J.: 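Quick one: this structure, given as structure tokens, is what I'll be asking you about.
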Amino acid sequence: MASVSELAIEVHALRKSYGDFEAVRGIDFHVARGEVFGLLGPNGAGKTTTVEILEGYRERSDGAVSVLGEDPGERSRRWRARVGIVLQTTGLYRHIRVREALAHFAAMYPHPRAVDEVVALTGLGGKEDALVRTLSGGQLRRLDLALALVGDPELIFLDEPTTGFDPAARRNAWETIRSLRDLGKTVLLTTHYLDEAQALADRVAIIKDGRILIEGAPRDLGASAGTAPYLVAYRNGDGHLVRRETDDPTTLLHELTGDALARGERLDGLTVTRPTLEDVYLELTAGDREAEDDARVGDA
Amino acid sequence: MAEVAGSVRHPASREGTPMSGVVALAWRQYRLERRLFWRNPSAAFFNFLLPLLFLAFFGAILHGNQHDLDVIVPGIAGMSVMSTTFTALAFNMVFLREQGVLKRIRGTPMPGISYLLGVAGNAVTNTALQIVIITVAGRLFFGTGWPRDWFELVVFVAAGVVCFASLGVAFSHAIPNFDSAPAYVNAVFLPVIFISGVFYDAARAPGFIKGIAQALPLKHVIDGLSGAMVKGTSLAANISALGVIAAWAALGVALAVRGFSWDQRRG
Ligand SMILES: Nc1ncnc2c1ncn2[C@@H]1O[C@H](COP(=O)(O)OP(=O)(O)OP(=O)(O)O)[C@@H](O)[C@H]1O
Ligand SMILES: [Mg+2]
């Protein structure tokens with residue numbers, strides 16, 4: 001168990017209600033220093049609510065939170081200098097230039113990074129002198145990231161940082177986030193992209209209806225979710241796709257290939273895979289989809 | 001050795017380095033606001049257009065009628081004080097709140113007071129520019145001559161600016177979203193400029209209008225400006241006017257700070 005000082009974020013029995021509606025219903029997690037932690041979940045799961053409580057923007061209804069050893073509700077100036085924030089939706093002056101904005105924000109921090117360095121890191125090169133109102137959606141999002149990094153914070157909150165990015169820009173953003181980890185920064189990110197969580201996060205928590213359903217390293221989640229650890233798929237003699245789950249792929253393959261050879265068939269498209277985070281995610285959040293399907297049937 | 005120094009230095013330097021001062025950051029914010037103001041020509045244009053248009057319009061109509069010109073010049077100056085601070089700040093704060101700029105700024109170590117000072121300083125600079133233009137126009141075109149008492153002029157502009165700037169920020173809290181901002185702002189601005197004697201001699205207004213105007217700050221700003229610019233009545237004679245303005249300013253500052261909302265929660 002990590003000692004208290006090694007934890008960047010501690011959340012205990014956190015609850016948040018908006019009027020009668022309880023958006024966060026008692027969640028616990030912690031993020032160690034230097035760790036990249038992913039919060040994953042469907043729309044309305046409570047990700048932004050949780051993150052904005054940790055950023056000090058919203059007040060919690062109950063529970064205890066500590067961020068870099070302080071209550072984020074206090075929001076001391078020194079604490080704010082150590083935290084970088086990319087909000088899910090945010091805006092900026094329309095008539096400011098990229099470099100001007102970065103220099104302005106850099107001046108608010110005691111140990112800022114060089115503006116040119118941040119421009120290069122976030123792929124804004126060539127846009128330094130552009131007015132913000134002329135940037136594309138993805139470029140604006142990169143500027144959000146750049147503004148969060150320019151103060152060289154220890155802890156970075158990223159609420160859906162790559163929404164609106166083209167595939168190349170997403171890869172670049174991933175590189176940027178990995179480079180933050182290499183620098184020893186702590187990152188808490190939310191995302192809907194499972195591949196993103198899998199690629200970046202040391203640990204993820206899947207959250208739905210304000211509760212954490214499961215938490216762990218992405219590659220370990222398959223087993224702990226009760227999903228069989230291996231999936232074997234192939235086409236049978238009629239061309240139908242057959243999927244079989246197993247704990248013991250060696251034995252299963254031996255049986256399958258033995259039978260196939262005996263019948264003189266080929267196992268077309270044979271694959272052996274481990275369930276991805278996506279499989280786990282879809283299984284855990286399936287309740288939603290079934291409910292929606294029921295609703296649709298009911299409507300018809 | 002290097003390792004020890006490195007591991008010790010990091011937290012120590014973070015604790016030990018003083019952050020940029022509140023005033024230095026306010027100054028930076030002010031300079032940014034000035035640059036952005038001129039970079040958005042339509043906003044700059046409208047900010048200056050209205051009072052100057054009124055001045056030209058009434059100047060032409062009242063040409064040769066010195067008594068009315070002596071009323072209209074300080075009246076428009078008073079209106080400018082209100083429009084450059086109250087109106088402009090109420091609009092800007094709602095816009096920046098809705099755009100998420102305030103929330104973003106709040107996530108940085110920039111002290112809130114530095115930010116507000118920078119933003120308000122920008123508005124006050126516009127006030128000063130307009131007062132200069134109106135004063136020069138009064139001398140050159142409207143026969144009001146140079147102000148009789150420059151010090152009194154500065155005192156009343158300064159008092160009016162603090163009062164209306166804080167009331168503008170305070171009022172922005174009451175405006176739910178940017179779409180409704182013009183309706184809210186004009187619902188206050190237009191009645192106030194009409195009853196406070198911007199366009200006519202307030203002494204001629206009916207009693208109940210006078211009563212309302214007496215309770216509001218703009219009439220007192222205009223009285224002070226009139227005393228300084230045309231009548232030559234001393235600051236001491238207008239000291240009660242200054243008292244009313246100060247009372248509104250105190251209310252404005254209290255409400256501006258207390259109700260401050262960085263986030264667009266409503267609407
Ligand atoms: N200010 C608010 N007032 C009332 N209800 C709110 C407020 N903010 C969020 N909610 C509700 O709380 C729930 C969780 O919202 P939240 O924004 O935390 O979800 P999220 O996981 O970030 O979703 P998304 O992936 O769509 O961003 C939603 O049902 C939302 O409608
Ligand atoms: Mg969200």
Side-chain angles (χ1 to χ4, degrees), chain A residues 5 18 33 48 51-52 54-59 68-69 72 75-97 100-112 131-133 140 143-144 147-148 150-157 159 183-184, chain B residues 6-7 9-22 24-44 92 94-115 118-119 122 178 261-266:
Chain A
S5 64
Y18 299 107
R33 286 184 195 264
T48 298
V51 169
E52 292 205 354
L54 298 176
E55 291 164 347
Y57 282 116
R58 304 191 197 194
E59 285 175 14
L68 297 178
R75 314 187 79 264
S76 74
R77 219 184 139 194
R78 201 177 297 282
W79 181 87
R80 281 179 281 155
R82 298 164 66 195
V83 172
I85 295 171
V86 173
L87 293 164
Q88 182 170 3
T89 49
T90 181
L92 195 59
Y93 304 100
R94 287 165 46 73
H95 294 274
I96 200 168
R97 296 183 196 285
E100 192 178 32
L102 286 167
H104 187 69
F105 278 71
M108 301 171 184
Y109 293 85
H111 306 279
L131 288 176
V132 160
R133 67 182 173 84
L140 270 176
L143 180 56
D144 289 338
L147 288 170
V150 77
D152 197 20
E154 291 165 51
L155 168 63
I156 300 129
F157 291 102
D159 198 355
L183 288 171
Chain B
S7 61
R9 184 194 55 83
H10 193 63
S13 69
R14 281 198 187 274
E15 297 302 314
T17 310
M19 291 200 230
S20 301
V22 169
L25 283 173
W27 175 240
R28 278 196 88 93
Q29 187 65 38
Y30 169 78
R31 284 191 354 239
L32 178 72
E33 299 285 338
R34 285 318 291 167
R35 286 199 303 275
L36 298 184
F37 177 77
W38 290 114
R39 216 173 276 166
N40 185 1
S42 61
N92 281 347
V94 174
F95 184 68
L96 294 170
R97 188 181 73 204
E98 188 156 303
Q99 292 285 301
V101 176
L102 295 186
K103 190 171 179 181
R104 191 199 291 267
I105 300 268
R106 184 149 198 251
T108 72
M110 160 93 87
I113 188 69
S114 301
Y115 180 74
V119 170
N122 173 46
F178 190 65
S261 160
W262 297 83
D263 200 356
Q264 185 68 28
R265 291 224 175 81
R266 290 165 291 187

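Nothing here was measured: the structure is a model prediction, and the numbers come from that model. Chain identifiers are assigned alphabetically (A, B, ...) following the order of the sequence lines, protein sequences preceding nucleic acid strands; residue numbering begins at 1 within each chain.
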J.: Just wondering, do R77(A) and P111(B) contact through their side chains at under 4.5 Å, heavy atoms?
T.: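 They are in side-chain contact.
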
J.: Would you say that D144(A) contacts R104(B) through its side chain, given a criterion of any heavy-atom pair below 4.5 Å between the two side chains?
T.: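 SC-SC contact between D144(A) and R104(B) confirmed.
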
J.: Between OG1 of T108(B) and CE of M108(A), what distance do you get to the nearest 0.5 Å?
T.: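 So the gap between those two atoms works out to 4.5 Å.
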
J.: List the steps, then state whether side-chain contact (heavy atoms from CB on, under 4.5 Å) holds for Q99(B) with Y93(A).
T.: CA-CA 8 Å; Q99(B) 292 285 301; Y93(A) 304 100; over 6 Å; no

J.: Quick one: list whatever passes salt bridge (charged side-chain N to carboxylate O under 4.0 Å, His left out) with R39(B), sequence neighbours left out.
T.: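 Listed in chain order: E100(A).
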
J.: Find the distance between NE2 (H104(A)) and CD1 (I105(B)) and round it off to the nearest 0.5 Å.
T.: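 It is 5.5 Å, given to the nearest 0.5 Å.
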
J.: At a 4.5 Å cut-off on heavy atoms, which part of F105(A) comes close to chain B: side chain, backbone, both, or neither?
T.: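 For F105(A), the side chain is the part near chain B, not the backbone.
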
J.: Salt-bridge test for E52(A) and K103(B): reply yes if a basic N is under 4.0 Å from a carboxylate O, no otherwise.
T.: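 The answer is yes: the pair qualifies as a salt bridge.
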
J.: Checking D159(A) now: which residues fulfil salt bridge (charged side-chain N to carboxylate O under 4.0 Å, His left out) with it, not counting sequence neighbours?
T.: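 By the salt bridge (charged side-chain N to carboxylate O under 4.0 Å, His left out) rule, D159(A) matches no residue at all.
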
J.: Identify which part of L96(B) has an atom lying under 4.5 Å from any heavy atom of chain A, answering side chain, backbone, both or neither.
T.: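 The answer is the side chain of L96(B).
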
J.: Quick one: closest heavy-atom pair of A81(A) and P109(B), and the distance?
T.: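 Minimum heavy-atom separation between A81(A) and P109(B): CA-CG, 3.5 Å.
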
J.: Between H95(A) and F37(B), is any pair of side-chain heavy atoms under 4.5 Å apart?
T.: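 Heavy-atom side-chain distance check fails, nothing below 4.5 Å.
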
J.: Contact part of R97(A) toward chain B, heavy-atom cut-off under 4.5 Å: side chain, backbone, both or neither?
T.: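 For R97(A), backbone and side chain are both near chain B.
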
J.: Using non-hydrogen atoms only, which part of I96(A) is less than 4.5 Å away from chain B: side chain, backbone, both, or neither?
T.: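 For I96(A), the contact with chain B is made by backbone and side chain together.
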
J.: Test side-chain contact (heavy atoms from CB on, under 4.5 Å) on M110(B) and Y109(A); report intermediate values, then the result.
T.: CA-CA 8 Å; M110(B) 160 93 87; Y109(A) 293 85; over 6 Å; no

J.: Between R35(B) and chain A, with a heavy-atom cut-off of 4.5 Å, which part of the residue counts as in contact: side chain, backbone, both or neither?
T.: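 Contact with chain A involves the side chain of R35(B) alone.
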
J.: Which one wins on heavy-atom pair count under 4.5 Å against chain B: V86(A), V83(A), L131(A), L87(A)?
T.: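 Top count of heavy-atom pairs under 4.5 Å with chain B: L87(A).
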
J.: So what's closer than 4.5 Å to chain A heavy atoms on Y115(B): side chain, backbone, both or neither?
T.: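 Side chain of Y115(B) only, per the 4.5 Å heavy-atom cut-off to chain A.
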
